[in-house]
Amino acid sequence: MTDGERQAGAHELSDTMDASAAAEVDQSTRQRPADSLAGRAAFWIGVGLAVLHIWINTLGTMSELRASVLHFAGFGLLCALLFPAWHSASATGRRLAMMLDIVLGLAALSLFAYLVLGEETFYARNGAFLWYDWIFTAIAVALAIEFTRRTTGLIIPILIVLAFTYVTAWGSWFPGVLSFSGLGYETMLFRSFYSDDGMFGVIATISYSYVFMFILFGAFLVQSGAGDFIIDFARAIAGKLVGGPGFVAVLGSALMGTISGSAVANTVSTGVITIPLMKRAGFPARFAAGVEATASTGGMLMPPIMGAGAFVMASYTQIPYLTIAAVSVLPAMLYFFGVACFVRVEAKKRDLKSLDDDAPRIGEVLKRGTTFFIPITLLIAMLIAGFTPTYAAGYAILATIASSWLTRTHRMGHREILSAMAGGARNMILTAVLLVSVGIVVNAVTLTGIGNTFSLMIDDWAGGNLLIALVLIALASLVLGMGLPVTASYIVLATLSAPALADMIVRSEIITAFASGQIPDAAKAILMLTSPDKAALLDGPMTREAAAGLVAAIPAEMMSMVKDATLTPAILTTALLSAHMIIYWLSLDSNVTPPVCLTAFAAAAIAKSPPMATGFTAWKIAKTLYIVPVLFAYTPFLNGDPVLALEIFAFALVGIYALIGAMEGYLEAPVSWPMRAVLFAIGVTILWPNDWSVNFIGTALFVVFFIWNVRTDRRQRIGAAET
């Protein structure tokens with residue numbers, strides 16, 4: 001990539017900023033700029049926070065509660081300095097905002113002072129509140145509301161207020177199962193501040209440890225020049241293909257996703273190069289921005305550094321992060337393949353040619369960039385060896401610094417190290433305040449039992465049908481995604497619906513086992529008690545309908561015994577992981593779902609395309625977000641068996657291409673409406689779960705259809721040439 005291209009890409013982005021407000025707020029990030037007084041102060045505070053977190057996560061012995069409060073206090077201070085309380089055109093208004101921001105930043109720091117000075121005496125009096133306990137715990141909740149308002153908008157603050165007041169004020173107004181008699185404000189403040197389900201509980205621990213260390217590692221990789229290497233690598237591989245710039249965006253964002261867990265950061269860092277390339281090649285601006293936004297969203301699916309939600313998933317399920325990352329590789333590749341299919345179809349529709357003739361050669365790129373694989377390889381090796389993710393990330397950071405000295409252009413000295421630390425801290429602000437603050441919502445859900453109630457409601461509405469449950473959760477995700485970031489959407493949905501979804505997947509597995517005649521004696525004994533009239537069915541295979549009837553007749557109090565007797569622990573673990581992975585994937589549509597889709601809006605700013613239209617385009621291109629979760633629900637895609645996973649993956653590649661061709665009405669040539677219906681049916685047949693014969697038949701039909709479509713394309717081209 002030449003310096004001229006980088007400057008041109010940067011120029012595309014800078015043109016979108018409002019120059020009149022540049023002195024107050026950087027319009028591309030909604031933050032005070034780095035060269036302002038607040039920005040310079042935030043730089044050194046960020047460096048200090050990075051050093052402090054590295055110490056806490058490697059050599060320190062600070063308690064989890066104190067570390068969580070310190071985490072929120074530090075990033076609350078950064079949030080107050082960089083995200084102004086309001087935007088003002090007048091100098092007086094800006095000064096007033098800065099004064100308020102400093103006060104709120106100091107209030108955030110006071111929470112840590114309160115805990116250090118008063119924690120022991122608080123426990124000594126058995127948690128009885130004194131006047132200052134009321135003040136500081138209330139400050140914590142108020143700051144959570146204000147900081148999330150500044151960083152994410154109004155939806156999360158409203159959720160926090162509704163959750164808090166549901167417990168303390170109006171929960172008893174609801175009739176039926178949603179009614180909650182209520183708790184006092186003291187109890188709710190205590191649980192919000194001190195309990196494991198509150199602000200400074202499990203989710204905050206994940207934030208200050210796993211999430212921040214991996215975001216910091218990504219910042220070091222970017223500072224070492226890995227971002228430029230990734231773009232050049234993608235251009236070398238895909239730049240000269242038909243529609244090549246679109247493939248560069250897909251491949252570049254996938255690779256950038258391995259070092260960045262932020263979709264917006266991924267969009268901005270790769271989009272300033274790929275979007276102008278796509279526009280120059282002939283792609284419409286809206287489509288170019290949609291491809292970049294969708295591909296960048298997939299970065300949160302791509303191991304080894306996935307989004308913050310993946311670390312929360314590891315905590316919720318107690319499944320090691322390495323396991324989650326390992327089984328996520330093939331599904332993530334399916335996601336990016338789906339985006340690439342849209343690029344291919346669009347390029348064929350418009351008969352585009354590659355214009356990236358000056359793409360670098362792959363040998364040259366690898367020769368100067370192989371050092372960037374050293375820290376990532378070390379990270380993966382340490383995770384496999386059994387080291388904790390935080391330790392592995394810490395050593396990978398050191399490896400990044402060391403390996404940078406093997407390059408000629410990006411050797412990291414003290415300035416680059418400080419910049420990486422400050423950049424990592426700055427990138428963490430939104431995630432830190434979000435993960436800590438959403439603890440209030442999780443606390444309310446756990447405390448009131450509304451999560452179990454919601455799970456029962458989903459089970460009731462779906463009538464025990466797994467597919468209907470998936471549709472309901474997808475709709476809920478779509479609604480939440482209009483106002484919540486990915487991690488918040490995942491946490492809320494997982495808290496409310498993961499138990500019901502996992503239970504339905506387990507029931508489906510039990511039905512499959514019964515239908516095949518694999519009924520253990522312990523389960524037979526229970527079935528003889530619950531369905532004595534169907535005893536004749538228990539000695540051999542049966543239809544799924546008959547098996548479903550047997551399972552439906554089992555009382556809830558006996559279901560756990562049948563589950564344990566029929567299914568292995570590995571199957572139960574896979575069901576739990578599948579449920580959470582489904583919800584995590586569906587939650588990603590918050591990045592590309594209008595009216596609030598920050599990733600699509602960031603791409604639209606670079607492409608100079610209508611933001612809302614870009615959002616709808618990105619939402620269309622991201623359709624594999626809905627296809628792959630169906631595979632999680634109905635196939636053993638995540639059970640850890642590589643051979644089985646590859647078989648599912650191979651069929652899914654063909655099925656996804658068929659479905660996208662049906663959606664777009666184009667493969668290698670146009671597809672008529674009647675044939676689109678045929679192609680859609682073929683795609684569904686290929687993806688049909690648990691029946692390899694059906695999958696093979698569908699694949700054979702697609703091969704015939706594809707050959708016919710290619711010949712149609714050739715005939716049309718020959719006819720056009722003759723005329």
Between W170 and W173, what is the ring plane arrangement, given parallel below 30°, perpendicular above 60°, and tilted in between? tilted
Would you say S179's side chain and F174's backbone share a donor-acceptor pair under 3.5 angstrom? yes
T495 side chain vs V442 backbone, donor-acceptor pair below 3.5 Å: no
Side-chain (S590) to main-chain (S587) donor-acceptor, under 3.5 angstrom: yes
Once you measure the plane-to-plane angle for F311 and Y210, does it fall in the parallel (<30°), tilted (30-60°) or perpendicular (>60°) bin? parallel
Are K623 and E664 within salt-bridge range, i.e. N to O under 4.0 Å? no
Can you tell me how the ring of W708 sits relative to the ring of F705, calling it parallel under 30°, perpendicular over 60° and tilted otherwise? perpendicular
Atom CG of residue position L154 - does it have more than 12 heavy atoms of other residues, nucleotides or ligands inside 6.0 Å? no
T635 side chain to L631 main-chain N or O, any donor-acceptor pair under 3.5 Å? yes
Any chance the side chains of T599 and N591 put a donor and an acceptor closer than 3.5 Å? yes
Are Y626 and D589 close enough that a side-chain donor and a side-chain acceptor fall under 3.5 Å? yes
Donor-acceptor pair, Y634 side chain versus L467 backbone, under 3.5 Å? yes
To the nearest 0.5 Å, what is the distance between CG on L383 and OG1 on T388? 8.5 Å
Hey, do the aromatic rings of W692 and F651 have their centres closer than 6.0 Å? yes
Donor-acceptor pair, S578 side chain versus A633 backbone, under 3.5 Å? no
Between T148 (side chain) and L434 (backbone), is there a donor-acceptor pair under 3.5 Å? no
Closest approach of A469 and A462, non-hydrogen atoms and distance? N-CB, 3.8 Å
Please work out whether the ring planes of W585 and Y335 are parallel, tilted or perpendicular, with thresholds of 30° and 60°. perpendicular
Could you tell me whether the side chain of T323 and the main chain of I319 form a donor-acceptor pair under 3.5 Å? no
Pairwise distance CD1(I440) to CE(M199) - rounded to 0.5 angstrom: 5.0 Å
